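Note that the structure is a prediction, hence the values are computed from the model and not measured. Chain letters run A, B, ... following the sequence lines, proteins first, then strands; residues in each count from 1.
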Number of protein chains: 2
Amino acid sequence: MTTNESSYRDKKVMSIGIVKELTGLSERQIRYYEKRQLLFPDRTDTGIRKYSFSDVERLMDIADQIEEGVQTHEIRSELAKRDELQKTKDIRNKMLKGQLNAHFQKKY
Amino acid sequence: MTTNESSYRDKKVMSIGIVKELTGLSERQIRYYEKRQLLFPDRTDTGIRKYSFSDVERLMDIADQIEEGVQTHEIRSELAKRDELQKTKDIRNKMLKGQLNAHFQKKY
DNA sequence: CGTGTAAGGAATTCTGACACG
DNA sequence: CGTGTAAGGAATTCTGACACG
């Protein structure tokens with residue numbers, strides 16, 4: 001019953017053209033931030049980059065910081081920190097759900 | 001404060017290749033269902049179709065019905081009915097939000 | 001350091017048609 | 001009716017490089 005609509009946020013489905021429209025950034029910028037390891041799009045078998053809505057949010061965040069004069073490597077460590085924290089939260093959450101499911105015999 | 005993450009569901013951002021992967025349908029089928037007016041993707045200025053996650057859900061629904069032997073024109077009227085109902089709900093909702101915002105002087 | 005651009009190639013998407021039925 | 005396919009063209013994306021700084 002817990003359909004996770006929120007998973008749409010993290011699904012990598014957009015090509016760079018749409019991301020460019022959504023963020024207002026140039027393809028050059030989007031690819032450059034990837035090279036600097038600020039985001040990690042998926043790739044299709046043939047090498048086409050695929051982004052999620054959360055990547056788009058992330059890019060807008062990055063763009064703001066760049067404008068403020070923050071350098072990519074600084075943004076990178078901040079984002080890495082945040083990602084780590086989020087990963088921990090996700091695991092904690094996953095375990096909690098497992099517990100609940102085991103208890104109430106639900107499917108997931 | 002009410003960030004609508006759920007708006008991601010209706011944002012038309014995917015090209016047909018991804019939709020094909022997500023639904024398991026052929027491009028031919030996806031385009032055909034559009035011709036039969038079962039769904040309404042956007043188009044870029046250059047004519048490329050763009051789909052939303054809700055279009056993907058809709059396609060899977062359509063595919064199920066086709067398998068059951070339901071014909072496209074029947075599916076069409078059912079979907080049209082559902083769309084109408086949803087539209088009414090959306091408007092009602094929008095008005096309610098307007099009321100609330102006016103009352104509490106919130107930004108939206 | 002961060003970004004623009006021209007270059008050439010590869011992958012994607014589009015439409016209308018022939019086919020089967 | 002619903003779907004597959006080959007055909008030709010247009011639009012998209014990719015990489016590595018030159019440029020400025």
Undergrad: What donor-acceptor contacts under 3.5 angstrom involve side-chain atoms of residues 18-30 of chain A, with partners at least two apart or in another chain?
TA:
from	atom 1	to	atom 2	distance (Å)
A:Lys20	NZ	A:Glu27	OE2	3.3
A:Thr23	OG1	A:Val19	O	2.7
A:Thr23	OG1	A:Leu25	N	3.1
A:Ser26	OG	A:Gln29	N	3.1
A:Ser26	OG	A:Gln29	OE1	3.3
A:Glu27	OE1	A:Arg31	NH2	3.0
A:Gln29	OE1	A:Ser26	N	2.9

Undergrad: Rounded to the nearest 0.5 Å, how far does CG of B:Leu79 lie from CD1 of B:Ile62?
TA: 5.5 Å
Undergrad: B:Phe53: which residues meet the ring pair (Phe, Tyr, Trp, His ring centres under 6.0 Å) condition with it, sequence neighbours left out?
TA: A:Tyr8
Undergrad: Dot-bracket for DNA chain D, 5' to 3', counting Watson-Crick or G-U wobble pairs under 3.5 Å, with [ ] for crossing pairs and | for inter-strand pairs?
TA: .||||.||.|.|.||.||||.
Undergrad: Determine the minimum heavy-atom distance between B:Tyr51 and B:Ser15, stating which atoms define it.
TA: CD1-C, 4.2 Å
Undergrad: Does a side-chain N or O of B:Tyr32 approach OP1 or OP2 of D:dG4 to a distance below 4.0 Å, or not?
TA: no
Undergrad: Under the salt bridge (Lys or Arg N to Asp or Glu O under 4.0 Å) definition, can you give me all pairs with a residue in residues 37-48 of chain A, not counting sequence neighbours?
TA: A:Glu34-A:Arg43
Undergrad: Are B:Glu84 and B:Lys81 within salt-bridge range, i.e. N to O under 4.0 Å?
TA: no
Undergrad: Let's see if you get this right: which residues in residues 58-69 of chain B place a heavy atom under 4.0 Å from DNA chain D?
TA: B:Ile66
Undergrad: Give the rounded distance in Å between these two atoms: CD1 of B:Ile48 and P of C:dT12.
TA: 12 Å
Undergrad: Just verifying a value: how many Å separate A:Ser54 OG and A:Lys12 NZ, rounded to the nearest 0.5 Å?
TA: 6.0 Å
Undergrad: If the condition is side-chain contact (heavy atoms from CB on, under 4.5 Å), which residues does B:Gln86 pass it with, not counting sequence neighbours?
TA: B:Lys89, B:Asp90
Undergrad: Counting only heavy atoms not in B:Lys50, do more than 12 sit closer than 6.0 Å to its NZ atom?
TA: yes
Undergrad: Under 3.5 Å, is there a donor-acceptor pair linking the side chains of A:Asp10 and A:Ser52?
TA: no
Undergrad: Starting from P on C:dT3, measure out to CG on A:Leu25 and report it in whole angstrom.
TA: 8 Å
Undergrad: Please state how far atom CD in B:Glu21 lies from atom C1' in C:dT13, giving the value in whole angstrom units.
TA: 15 Å
Undergrad: Expected output is a numbered-order residue list: members of residues 76-83 of chain B with a heavy atom under 4.0 Å from any atom of DNA chain D. What is it?
TA: none
Undergrad: Taking the nucleotide of DNA chain D with the closest heavy atom to each, which residue, B:Lys50 or B:Tyr33, is nearer the 5' end?
TA: B:Tyr33
Undergrad: Can you measure from CG (B:Asn101) to CG (B:Leu96) and round to the nearest 0.5 angstrom?
TA: 9.5 Å
Undergrad: Group every Ile, Leu, Val, Met, Phe, Trp and Tyr by side-chain heavy-atom contacts under 4.5 Å, then state whether A:Val13 and A:Leu59 land in the same group.
TA: yes
Undergrad: Grab the N/O contacts between the protein and nucleotides 15-17 of chain C below 3.5 Å, and write none if there aren't any.
TA:
from	atom 1	to	atom 2	distance (Å)
C:dT15	OP1	B:Arg43	NH1	2.9
C:dT15	OP1	B:Arg43	NH2	3.0
C:dT15	OP2	B:Arg49	NH2	2.3

Undergrad: What integer distance in Å separates B:Ile75:CD1 from D:dG2:C1'?
TA: 11 Å
Undergrad: Using whole Å, report how far CD of B:Gln37 lies from P of D:dG2.
TA: 14 Å
Undergrad: Can you pull every protein N or O that's under 3.5 Å from an N or O on nucleotides 8-10 of chain D?
TA:
none

Undergrad: Using a 4.5 Å cut-off on heavy atoms from C-beta on, say whether the side chain of A:Met14 contacts that of A:Asp55.
TA: no
Undergrad: Specify the residues of residues 12-20 of chain B, ordered by number, for which at least one heavy atom lies under 4.0 angstrom from an atom of DNA chain C.
TA: B:Ser15, B:Ile16, B:Gly17
Undergrad: Any pair with a residue in residues 24-44 of chain A that passes ring pair (Phe, Tyr, Trp, His ring centres under 6.0 Å), sequence neighbours left out, goes on the list, sorted by first then second residue, please.
TA: none
Undergrad: Whole angstroms only, please: what is the CD-P distance between B:Gln71 and D:dT3?
TA: 11 Å
Undergrad: Distance check needed: C:dG4 P versus A:Glu27 CD, whole Å only.
TA: 11 Å
Undergrad: For residues 63-75 of chain A, tabulate all N or O donor-acceptor pairs below 3.5 Å that involve a side-chain atom, not counting sequence neighbours.
TA:
from	atom 1	to	atom 2	distance (Å)
A:Gln65	NE2	A:Asp61	OD1	3.4
A:Thr72	OG1	A:Arg36	NH1	3.1
A:Glu74	OE2	A:Gln71	N	3.4

